[in-house]
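Structure first, commentary second.
To find a chain, count down the sequence lines: A is the first, B the second, and so on, and within it residues start at 1.
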Number of protein chains: 2
Amino acid sequence: MAETPGVTEPTLEEQIAAYQREFQDLDPQVEKIVSALSRLNRRMNVAYGRQTSALGISNAEWEVLKALVLSGAPYRMGPGDLAKRLGLTPAAMTHRIDRMVTEGLVTRERDESNRVRVIVELTAEGREKWLEAMRLATVFEEDLLQDLSPEERTALGEVLTRLLRRVEHAQPDAGGRLADLD
Amino acid sequence: MAETPGVTEPTLEEQIAAYQREFQDLDPQVEKIVSALSRLNRRMNVAYGRQTSALGISNAEWEVLKALVLSGAPYRMGPGDLAKRLGLTPAAMTHRIDRMVTEGLVTRERDESNRVRVIVELTAEGREKWLEAMRLATVFEEDLLQDLSPEERTALGEVLTRLLRRVEHAQPDAGGRLADLD
DNA sequence: AGTGAAGACTTCAGAACTAAAGTTTGAAGA
DNA sequence: TCTTCAAACTTTAGTTCTGAAGTCTTCACT
């Protein structure tokens, strides 16, 4: 078998115990929150990734669709703006758009009023893909929070936004570049 | 100026409003929790990334150090086990270890009792790097949670682990491969 | 007009990854 | 013993990213 024991991911409790063993001045309560947050987020991303790949699009493509939809009708943005919004270099954006154009998710054309600029526009198919992904995502999210009462949901949302404000206040912005979309 | 307006990241509230505008059957309370969770996690990762790069190590290297330390003394693992633990292919692990060996963070040697296996072992310098990173991380984490009372911390930890259990129960495991460390 | 400079995007070279094929070692059965 | 198979790791080919150089358009100043 040769499956070395201990390779399977430890439970949250095991992991916190390991942290305490190796690093004495650790507040287990803090570590529990931080580790649970990180782990929960990862699991959710795995779930989203499965859903989008079931729709035949990659996570990278989903992010672009999201940015375009959230920009509002007529669902147009320039490659440079998209790059800033997604936290990518313009070079990476060029290639991503290449792929998405060939798949029919977006169109690319020059802005005739200012021929330096390029306009990336969502196609009807791209918009439909986003809607399908959202339908799947909302089902998953509602299922995830199913055990939480309305009061617990309110409290959780409030605490998380409080933490978020604190982080955002502490860190002006990561090198001027924005990170991935929610 | 040519800085197209609307490129800066929207606030959480603006983003939720955009979601509601584009997708009617959305529970804003659910979306608030999910978006805050995701955004908070991202901001935290940016902070960790700055701290580790200030220590002269990459995030990738930090993950390897973490896995080795948490495995406990004598801080040894095989490349294959490390790859599973970090959610990488064995090929990627080979290259990562190459880099870390040249930087003196780990050593690589054949297992003499079973020459198919390779042993990656943390060096004293690698362990020290991990400890420094942990010292920075705990300061940041304590600062982050500063406004939360002990009761709120307990409640938050409890709710998050409850959600975590729910996700883990729902999804057996992502294709048999483990994701990144917390 | 004519030149210079800045902006927006693309192209190119290099880094880190994945998937799949290749190599070496150990173990099990003919 | 010899053969065959499986396991563990490495190597190779191809993808997607970053950083830097390159191209094309526009604007400002002379």
Identify which nucleotide among [options] has an atom closest to any side-chain atom of [X], counting heavy atoms from C-beta outward.
X: A/Ala91; options: D/dG19, D/dT16, C/dT10; result: D/dG19
X: B/Arg96; options: D/dT26, C/dC17, D/dT18; result: C/dC17
X: A/Leu88; options: C/dC9, D/dA8, D/dT18; result: D/dT18
X: B/Pro79; options: D/dC9, C/dG26, D/dC17; result: D/dC9
X: B/His95; options: C/dA19, D/dT12, C/dC12; result: D/dT12

Distance below 4.0 Å between A/Arg117 side-chain N/O and D/dT26 OP1 or OP2: no
Sugar-phosphate, base or nothing in reach of A/Pro90, heavy atoms under 4.0 Å: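 Base contact.
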Protein-nucleotide distance (A/Leu86, atom CG; D/dT18, atom P), rounded to Å: 10 Å
Whole-Å distance separating the CE atom of A/Met93 from the P atom of D/dC17: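 These atoms are roughly 9 Å apart.
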B/Glu142/B/Arg153 ion pair, N-O < 4.0 Å: yes
Electrostatic pair A/Asp25:B/Arg135 at N-O distance under 4.0 angstrom: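 The answer is no: the pair does not qualify as a salt bridge.
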Same cluster (ILVMFWY, side-chain, under 4.5 Å), B/Val101 and B/Ile119: no
Criterion salt bridge (charged side-chain N to carboxylate O under 4.0 Å, His left out) on A/Lys129 and A/Glu125, from CA distance to verdict: CA-CA 6 Å; A/Lys129 283 284 182 192; A/Glu125 183 186 345; 5.5 Å; no
Whichever of A/Asp98 and A/Val116 has its nearest DNA chain C nucleotide further upstream toward 5':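 On the 5' side of the pair lies A/Val116.
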